[in-house]
Structures are given as C-alpha cells and as structure tokens.
Amino acid sequence: MPNPITNRRRWTFLVLALLLVAAACGTSVEVQSGGEPSDESNATPSPVEAPTATPEPVATATPEPTATPTPLPGQLAVNDTDAVGTVGDELLSLAEAVQLANGSLAATDLSVAESELVGGEPGPNIADTITVVLPEETEILVPGGDTWIIELFRNDGDTVVGGDTVLTPATDELGVGHNVMLIGSAGLTVEGFTFDGVTQGIGIESAGRELDGITIRGNAFRDTLIHDITVQNSANEGGLSNLVIENNSFEAPEFRSDLHRFVIVQGGTGVEQQTIEGTFIRNLQISNNAMSAGPGAVSTCVSISGGFVDFAVTAEVKGASIEGVELTNNSLSGCDTGLLLAGGQVEHTNATVTENAITTVTLTNNTFTVGDVAVAVRGGYVEPAPESFQFTEPVDANLTANTVSDISIDNTVFSAYNVGASLVGGEFAVAGTGAAEGNGVSGLSIGAGVVVDQLGIPCVESPDEGALAAGNTLEASCAELGG
C-alpha cells in the first residue's frame, strides 16, 4: 500500500519544480483547488494600453487680405482751345481734365480720341497731373458767365501745368464776367499759365475746409479787370495753411477798373447777412514776383486783411487771423499803394469787424516804387468805396479790437511819392456814425538795410484823430527808418 506521506512529499517537490521552471520561463502557474496545477503559458496576454498623447494644436494660417491695387496717378493731356469743351468730341479740354481728376466726370463718358489723352487712373484720391500740350502762346478761350469756369475742388495733390498757353476771354461783350480758376483743394499747384484780359484770374477759397499747401507758381497775369489772385475764407470755419505765391508776373498797363488789385488776401471774408468767425490763414509766402502797373491802373499791389467786408455788404467778421506773412524778393511798382496790412477792414458799408488780427509779418529784399504809400499799416480801417460806385449815405460800421503786430522790414527800398510807411491804429475814412475803437499797430522793427528815396516822407506815425477813432493804439515807431 503506497505511503500517503511519501506521495504528498512527491507532489510538493513536483510543484516546487514546476514553479522554478515557470519562473525561469516567465510563465505563471496557478495551483487550482484540488491541488492540480494549471499552465497559462498559452493564454493571450491582455493588451497594455499606452497613454493617450494630447494632440498638438494645428496652426491655422490667417488668410492674407486681398490687397486693393493702388491706382496709377492720372496723366491728362489737354489739347482743346476751348477751356470748357464738349464731352465726347475729339479733344480733351481743361475743364474736362479737371473733372476727370476730381471724379465728377467718368472716363466711360469720353470718346475714343479723348480716352487716348488720359493715362493712369485719375480720380479724387490720387495726385494727378494735368498738362496743356498745345504750342506755347496758344490762346485757350474762356466763356463768359457769373461763376468760375474751372472749379478745382476734390483735386487734392493735383498739378495743373499750362505750358505757357494763354487763357483769354472768348468774348469782349461788356459786363460779361470771365472768372477762370477757383481752387478749393489742398496740395494743389497751378503753374505756367498766362491769364490775359480776364475778370479774375485765380481765386482760392477754403470753403469750410482746412487746406494746406496750395502753390501758385510761374504764371503771368496781364490786364485783369478786378483781381489777379484772390484769397478768401467766406465759410464760417476752416482756413488755409502754407500758401505760396511765387515767381509770377503781374502787369496792368492801363486803367480798367478802380477795383483792381494784383493780390488780395483775407483771413475772413464777410458775405451778405452772415457771421464769419475764427477763420485763418497761416504761413503766407509771397516771393520773387514782379508787379507793374501803369499810372492809376491799380489801387493796391498787395492787400492783406485779417477780417474784411466788401462795400454794400452787411455782415460780421470776428476773430479771423493771418499768422506768418513773408514778402521776399518782390518788385512792386506803379500802384497807388504797394502793400496794405489791415487787421480789420471795411469798405463803405454797415458791417461789424472785431477782434481780427495779422501777426508776424516779414518784408525782406523787396523794392517798392509806388505813387502814394509804399507800406500802409492799419489796425482797423473803414475806407471809402471805389469812386465809381458813388455811395453817399453815411456808414454805421463797428470796427473794434483789430490789430497788426510784429512787423519786420529789412533790405527793402521804398520809392514813394508821398510816404514810405504809414502807421495808423484805427482809421474811419468815411462819413458815418459807427465806431473804430481799440484797434492797434504794434511791434515794428526796421533794419539798417532799408533805403527810402527822398521823394516824400520816409515814415509817418499817424495819430488817431477824431471821436470815431478814439481809443486806438499805436505802439510802433518808424524813427529808425533811414533816408
């Protein structure tokens, strides 16, 4: 009979042996209940799950915005001898070119022949160049009318080149106006035209905007009826900065009108039944111009007023200013008055002109050869209307607290029949019941380079006389003005 103890020992040894073998082979052996070993070496191991990696974010490229092509500056060639012309004919006129450049005329409206004279993409948001390609001295006829023929608005940055052609009236009919160019755009240049026999050559108007960088260069003005260049602010806001009038010639061989002035500049301009307040002109440069008038042909070569109201107009101009005036290397001859500086100015009318000013005026290397006064400075000035209008009614004007200050004159020759320089705080030069009070002139500096020909009095410091001029001031002296 087998020994049970011996059998148990045998199983024990067998189990231990199997465990040792399994450990060596990496196999687990399980002893099941009942003592029978179970071999799981053939069992399929459970898959070990690898840690799930966080996916890297995929960068999404932002699409580049579609670039808007920059339009090419327009190049427009004018070949029409009619300033206005006819849209759709074979020629491109000056007015049509200006309208293409400011967007008021579409290129699709042009004929094939006109289109061939237009290069680039002219329009209001780009600096276009308009060039007259007619032979020099060719006449371009300006039709008559009550308005300006060429209106340069929304032509910012454009250049208009005349090519030495001549703008002249299409008719000599009496009483018909021929006003050529009105400018209301910043950065505009007009050069190389001759304005011959027209009513007004160039007008510059802020039209309620703040305009910078207008240049009038290298033009000729001959025998104009009223004003060769007019600068004004007649809207109740806005103004002009960095205005340049240079290298032009002005000729008036004979009398045409007692309204004629070569250049007239107004910081604020009164228009009928309106109030103009706070307009301005900053940095006005008038240089290298030649102005020549026959006897009695031009009353004033250059007239500059802080605030101005014309005759027969009832208006108010308040707080207008002209800051920084330079007159350099100019020749002014034959006018009754060379230069008039007036803080506030009223021609024979019932108007209110208050608190307007001209400040920082520099005159260098100029020559004045005039009939009456070379330089007239008025803090406030109420003057008669031109003789041709023959107003007789008294004036009820209010001219208060207008000033001209900080005037510097050097290297200048005064040849004046009566007075080299005339300084007046306030002057009421017409019959009336108004007031001219609190106006003044101050801060005149005259350098050693000033020469006065002994034709008249070198300088007059006019006292403010009469009740209407009481209370005005004159704090400027011309004692240093040599003879």
Side-chain angles (χ1 to χ4, degrees), residues 76-86 89 91-102 105 117 128-153 155 158-185 188-205 214-231 245-254 256-257 259-264 289-292 298:
L76 302 103
V78 172
N79 64 347
D80 198 339
T81 57
D82 183 340
V84 175
T86 302
D89 64 5
L91 304 170
L92 188 68
S93 73
L94 183 57
E96 290 164 349
V98 168
Q99 291 163 10
L100 286 165
N102 65 28
L105 176 63
L117 298 166
D128 303 311
T129 300
I130 299 169
T131 305
V132 179
V133 295
L134 295 164
E136 294 181 10
E137 299 299 324
T138 298
E139 291 188 347
I140 299 176
L141 300 181
V142 178
D146 297 330
T147 60
W148 295 85
I149 301 304
I150 311 293
E151 294 191 351
L152 290 133
F153 290 84
N155 290 91
D158 291 354
T159 299
V160 186
V161 182
D164 294 325
T165 53
V166 181
L167 292 159
T168 192
T171 176
D172 58 1
E173 182 181 351
L174 186 64
V176 175
H178 299 88
N179 304 309
V180 186
M181 291 185 185
L182 180 61
I183 297 172
S185 300
L188 184 84
T189 298
V190 175
E191 61 183 40
F193 286 95
T194 295
F195 299 81
D196 187 14
V198 299
T199 304
Q200 297 189 87
I202 294 177
I204 300 173
E205 168 66 75
I214 296 173
T215 300
I216 309 301
R217 174 194 298 129
N219 302 283
F221 299 85
R222 297 193 305 231
D223 206 20
T224 302
L225 180 64
I226 300 180
H227 306 313
D228 299 57
I229 297 177
T230 303
V231 182
I245 301 172
E246 64 180 7
N247 299 320
N248 303 284
S249 65
F250 303 81
E251 298 178 35
E254 59 186 11
R256 290 193 67 197
S257 164
L259 299 173
H260 193 182
R261 294 163 177 80
F262 285 138
V263 177
I264 182 166
N289 300 285
M291 304 182 185
S292 176
V298 178

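Expressed to the nearest 0.5 Å, how far CG of D82 lies from CG of L141 amounts to 7.0 Å. Distance check, rounded to the nearest 0.5 Å: CD of E151 to OG of S185 gives 10.5 Å. In this structure, the separation between CD1 on I130 and OG1 on T159 is 9.0 Å, given to the nearest 0.5 Å. Interatomic distance, F153 CZ to Q99 CD, rounded to the nearest 0.5 Å: 13.0 Å.
Of the possible polar contacts, none joining the N79 side chain to the L91 backbone as a donor-acceptor pair under 3.5 Å is found. Judged by distance alone, with hydrogens and angles left aside, the side-chain atoms of E96 form a donor-acceptor pair with the main-chain N or O of T86 at under 3.5 Å. Between the side chain of D128 and the backbone N or O of D158 there is no donor-acceptor pair closer than 3.5 Å. Here the side chain of R256 pairs a donor or acceptor atom with the backbone of D223 at under 3.5 angstrom. At distances below 3.5 Å, not a single donor-acceptor pair connects side-chain atoms of S93 with backbone N or O atoms of D80. T224 contributes no side-chain N or O that, together with a main-chain N or O of I226, makes up a donor-acceptor pair within less than 3.5 Å. Between the N248 side chain and the N219 main chain, a donor and an acceptor come within less than 3.5 Å of each other. Side-chain atoms of T168 come within 3.5 Å of backbone N or O of D196 as a donor-acceptor pair.
Using a 4.5 Å heavy-atom cutoff, the side chains of N289 and I245 are in contact. A 4.5 Å side-chain heavy-atom check between V160 and T189 finds every atom pair outside the cut-off. Here the side chains of T194 and D164 are not in contact, with every heavy-atom distance at 4.5 Å or above. In this structure the side chain of V198 reaches within 4.5 angstrom of the side chain of P169, judged on heavy atoms. A heavy-atom distance below 4.5 Å is found between the side chains of T81 and T138. In this structure, the side chains of P143 and V84 come closer than 4.5 Å at one or more pairs of heavy atoms. Residues I140 and L94 form no side-chain contact, since every pair of their non-hydrogen atoms from C-beta on lies 4.5 Å or further apart. A heavy-atom distance below 4.5 Å is not found between the side chains of I229 and I264.
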Stepwise side-chain contact (heavy atoms from CB on, under 4.5 Å) test for M181 and L167: CA-CA 10 Å; M181 291 185 185; L167 292 159; 4.2 Å; yes

L76 vs L100, side-chain contact (heavy atoms from CB on, under 4.5 Å): CA-CA, chis, key distance, verdict: CA-CA 9 Å; L76 302 103; L100 286 165; 3.7 Å; yes

Intermediate values then yes/no, side-chain contact (heavy atoms from CB on, under 4.5 Å), V132 and T165: CA-CA 8 Å; V132 179; T165 53; 3.7 Å; yes

side-chain contact (heavy atoms from CB on, under 4.5 Å) evaluation trace for T230 with I202: CA-CA 6 Å; T230 303; I202 294 177; over 6 Å; no

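V298 and R261 get closest at one heavy-atom pair: CG1-CA, 4.0 Å. When all heavy atoms are compared, the tightest approach of I150 to A83 is CD1-O, 3.9 Å. In terms of heavy-atom proximity, V98 sits nearest to N155 at O-ND2, 3.3 Å. Contact record, H260 with L225: CB-O, 3.7 Å, taken as the closest heavy-atom pair. The minimum heavy-atom distance linking Q200 with W148 is given by the pair CB-CH2, 3.6 Å. The nearest pair of heavy atoms linking G145 to N179 is O-ND2, 4.5 Å.
Aromatic ring orientation, F221 versus F250: parallel (interplanar angle below 30°, classes split at 30° and 60°).
Judged as a salt bridge (charged side-chain N to carboxylate O under 4.0 Å, His left out), and not counting sequence neighbours, the contacts of R217 are E191, E246.
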